[in-house]
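Please read the structure below before turning to the comments.
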Amino acid sequence: MDLRHNEIEGNSEPTQSLGQTSHLALDIGGSLIKVVYFSISRDNCIDREQESSANDTLGFSNGNCKHPILQGRLHFAKFETSKINDCLEFISSKKLHLGGFQHHENPGKNKNFIKATGGGAYKFTELFKENLGIDLDKEDEMDCLVAGANFLLKAVHHEAYTYIDGQKEFVQIDQNDLYPYLLVNIGSGVSMIKVDGDGKFERVSGTNVGGGTFWGLGRLLTKCKSFDELLELSHQGNNRVIDMLVGDIYGGMDYSKIGLLSTTIASSFGKAVSDNKELEDYKPEDVARSLLRMISNNIGQISYLNALRFGLKRIFFGGFFIRGQPYTMDTISVAVHFWSKGEAKAMFLQHEGFLGALGAYVSYAKHSIDDLCLCSLTWAVPFFLALGHE
Ligand SMILES: Nc1ncnc2c1ncn2[C@@H]1O[C@H](COP(=O)(O)OP(=O)(O)O)[C@@H](O)[C@H]1O
Ligand SMILES: CC(C)(COP(=O)(O)O)[C@@H](O)C(=O)NCCC(=O)O
C-alpha cells in the first residue's frame, strides 16, 4: 500500500443507511483546521466474500451477510482557523458534508452530522450549521489525540521515526509493547499525555509555550507574513548571534564540571542584553532560529521531565508545530537525549498534525457498531490498515 503523507489507501464499507460514499472528520484547533476524509474508488469495489480472512482475524466477521467493500483513500488537508471560510468552501465544493451520518437518535431531523474535535468544534458549531447544514458531533480533543496516535502507531508501518544527527530512522513498533508512552502534542499550546492503552490515558502536563508562541512571537519579531516564511528564515539563521552560550560566559571554555559544553546555550536571546543592540540590528533569520531553538528545547525538556515523572522511556511528538522540520526535531531529540542521559527516546510521527482529526474519524466506528446496527463494520479502514495490508 502506498502510504504517502497526504493520503492513506484503504477500504471501507458503504452503509445501508447512508448511501453516501465520502466521509469526513475535522479537528478545529487554535491555529489550524485539520480535515480527514475518505473517498471511494468506485471501480475498485470488491465483494466482501472475495476478501481474505482479514476482518475475521480481528473478530469483525459479518457472518453470512454479504455486501461490498469499497476501496479508496484517506485524504488529509489543513486550513488556517482564521480562514475557516476557505475550509467551508472546500468541504462544500467536494460535497464532503453530504456523506455524514443521519442522527440515529432523531432520524426525522434529517440533518447530517460529522465528527469534529478541538475547541473550534464548540466555537464554530453555528457556522457549520448555517453554511453547510450539518451538526458537528463533538469528540473530546484528548480522546481523539490518543485514538489517532494509537491508530497510526498500530496501523501504519512507517509512522514513527527518530531524528538524530540529521538521520531519520523509522522505528518498528511492537504492538504488544507499545504502552506506556508519553504523547506530546505541540499545537498552538502543548499537551502531554501519558498513554496506557486504547482509551486509557491521563493528561499529565502541558505548556502554554508552544507552536502559537513560536508563530506569534516570530511574526512580531521578524515581520514574517506566513508561518512557512518564518520557518524558511529560521533555516538560514545562526542562533549563536543572539543566544548567550556557555562559552560566552566562560571565556570560550566548557563548564565540564557540570557537563556543559561551551557550545551549549546558557541563555536564549541572552546576547541581546549585553550587545546593547536594537531589534533592527539583528538579522530576522537569526532571531527566527533562536526562537525556534528556544521553544523546541523548552518543550523537549518539559517532555523529558514528565517522562521521568512516570518512568516512561518513549516520547512521541505530534502536532503541526513540528512540520517534519529537521532543526525542530533535532533540537527536541537533543534535549530529550541530553536531559535523560540517553535513557529516553524522542520519536516523531509522519502524520504529526492529524492525530486529533484521525481520532475523530476513527470514532465513527462507535456509531457503526453501536448505533447503526450494520451487518459489519462501516469503518473498515483503520482495521484494514491495522492488519498491515499493502
Ligand atoms: N501553515 C501554518 N499556519 C499556521 N501555523 C502553522 C502552519 N504550519 C504549522 N504551523 C504551526 O502549527 C501550530 C498549530 O499546530 P496544530 O497541531 O494544528 O494545533 P492547533 O490544533 O492548536 O491548531 C501553529 O501554532 C504553528 O506553530
Ligand atoms: C488548550 C489546548 C488543549 C488546545 O489545544 P490546541 O488547539 O493548542 O491544539 C492546548 O493549547 C494546551 O494544552 N495548552 C496548554 C495549556 C497548559 O497546560 O498550560
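Position 1 is the first residue of the sequence, and the numbers go up from there. Indexing begins at 1, ligand by ligand and atom by atom, following the structure's order.
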So CG of Leu292 and OG1 of Thr328: to nearest 0.5 Å the spacing works out to 4.0 Å
* Fit a plane to each ring of Tyr161 and Phe348, take the angle between them on a 0 to 90° scale, and name the class: parallel (under 30°), tilted (30 to 60°) or perpendicular (over 60°). => tilted
- Query: Which of parallel (below 30°), tilted (30 to 60°) and perpendicular (above 60°) describes His351 and Phe76?
  - Reply: tilted
Less than 3.5 Å apart, N/O on ligand 1 and N/O on the protein: could you list those pairs with the distances?
| residue | atom | partner | partner atom | Å |
| --- | --- | --- | --- | --- |
| ligand 1 | 8 (N) | Arg323 | NH1 | 2.6 |
| ligand 1 | 12 (O) | Phe320 | O | 3.4 |
| ligand 1 | 12 (O) | Phe321 | N | 3.3 |
| ligand 1 | 17 (O) | Phe320 | N | 2.9 |
| ligand 1 | 18 (O) | Lys34 | NZ | 2.7 |
| ligand 1 | 19 (O) | Ser188 | N | 3.4 |
| ligand 1 | 21 (O) | Lys34 | NZ | 2.9 |
| ligand 1 | 22 (O) | Gly30 | N | 3.2 |
| ligand 1 | 22 (O) | Ser188 | N | 3.0 |
| ligand 1 | 22 (O) | Ser188 | OG | 2.5 |
| ligand 1 | 23 (O) | Gly30 | N | 3.4 |
| ligand 1 | 23 (O) | Ser31 | N | 2.9 |
| ligand 1 | 23 (O) | Leu32 | N | 2.8 |
| ligand 1 | 23 (O) | Lys34 | NZ | 3.3 |
| ligand 1 | 25 (O) | Ser31 | OG | 3.3 |
| ligand 1 | 25 (O) | Gly211 | O | 3.2 |
| ligand 1 | 25 (O) | Gly212 | N | 3.0 |
| ligand 1 | 27 (O) | Gly211 | O | 2.8 |

Could you tell me whether Asp286 and Lys271 make a salt bridge, using a distance below 4.0 angstrom between a side-chain N and a carboxylate O? no
The answer for which part of Met142 has a heavy atom under 4.0 Å from ligand 2 is side chain
Numbered in order shown, the ligand 2 atoms found under 4.0 Å of a heavy atom of Ser188 are 8 (O)
Contact region, Met192 to ligand 2, non-hydrogen atoms below 4.0 Å, reads neither
When distances are taken from atom 18 (O) of ligand 2, the protein heavy atom at minimum range is Arg203 NH2, 3.0 Å
protein heavy-atom neighbour closest to atom 4 (C) of ligand 2 works out as Glu141 OE2, 3.6 Å
* Run the ring-centre check on Phe214 versus Phe321 and record whether the distance is less than 6.0 Å. => yes
Determine the interplanar angle of the Tyr364 and Tyr361 rings, folded into 0 to 90°, and report it as parallel if under 30°, tilted if 30 to 60°, perpendicular if over 60°. perpendicular
Task: Nitrogen or oxygen of Gly189 less than 3.5 angstrom from that of ligand 2 - done: yes
Per-atom filter on ligand 2: closer than 4.0 angstrom to a heavy atom of Gly30 are 7 (O)
So do Leu291 and Thr222 actually touch side chain to side chain, heavy atoms under 4.5 Å? no
Heavy-atom distance under 4.5 Å between the side chains of Val287 and Phe269, does that happen here?
yes
Any salt bridge between Arg323 and Glu352, counting N to O under 4.0 Å?
no
Q) Measuring to protein heavy atoms, does anything land under 4.0 Å from atom 1 (C) of ligand 2? A) no
> Can you tell me if Ser290 and Asp243 form a side-chain donor-acceptor pair at under 3.5 Å?
Replying inline: yes
Looking only at protein heavy atoms, what sits closest to atom 15 (C) of ligand 2 is Thr207 O, 3.4 Å
* Asked: Is a side-chain donor or acceptor of Thr117 paired with a backbone partner of Glu141 at a separation under 3.5 angstrom?
  -> yes
In terms of its nearest heavy atom to atom 19 (O) of ligand 2, the top option of Asn185, Asn208, Leu355 is Asn208
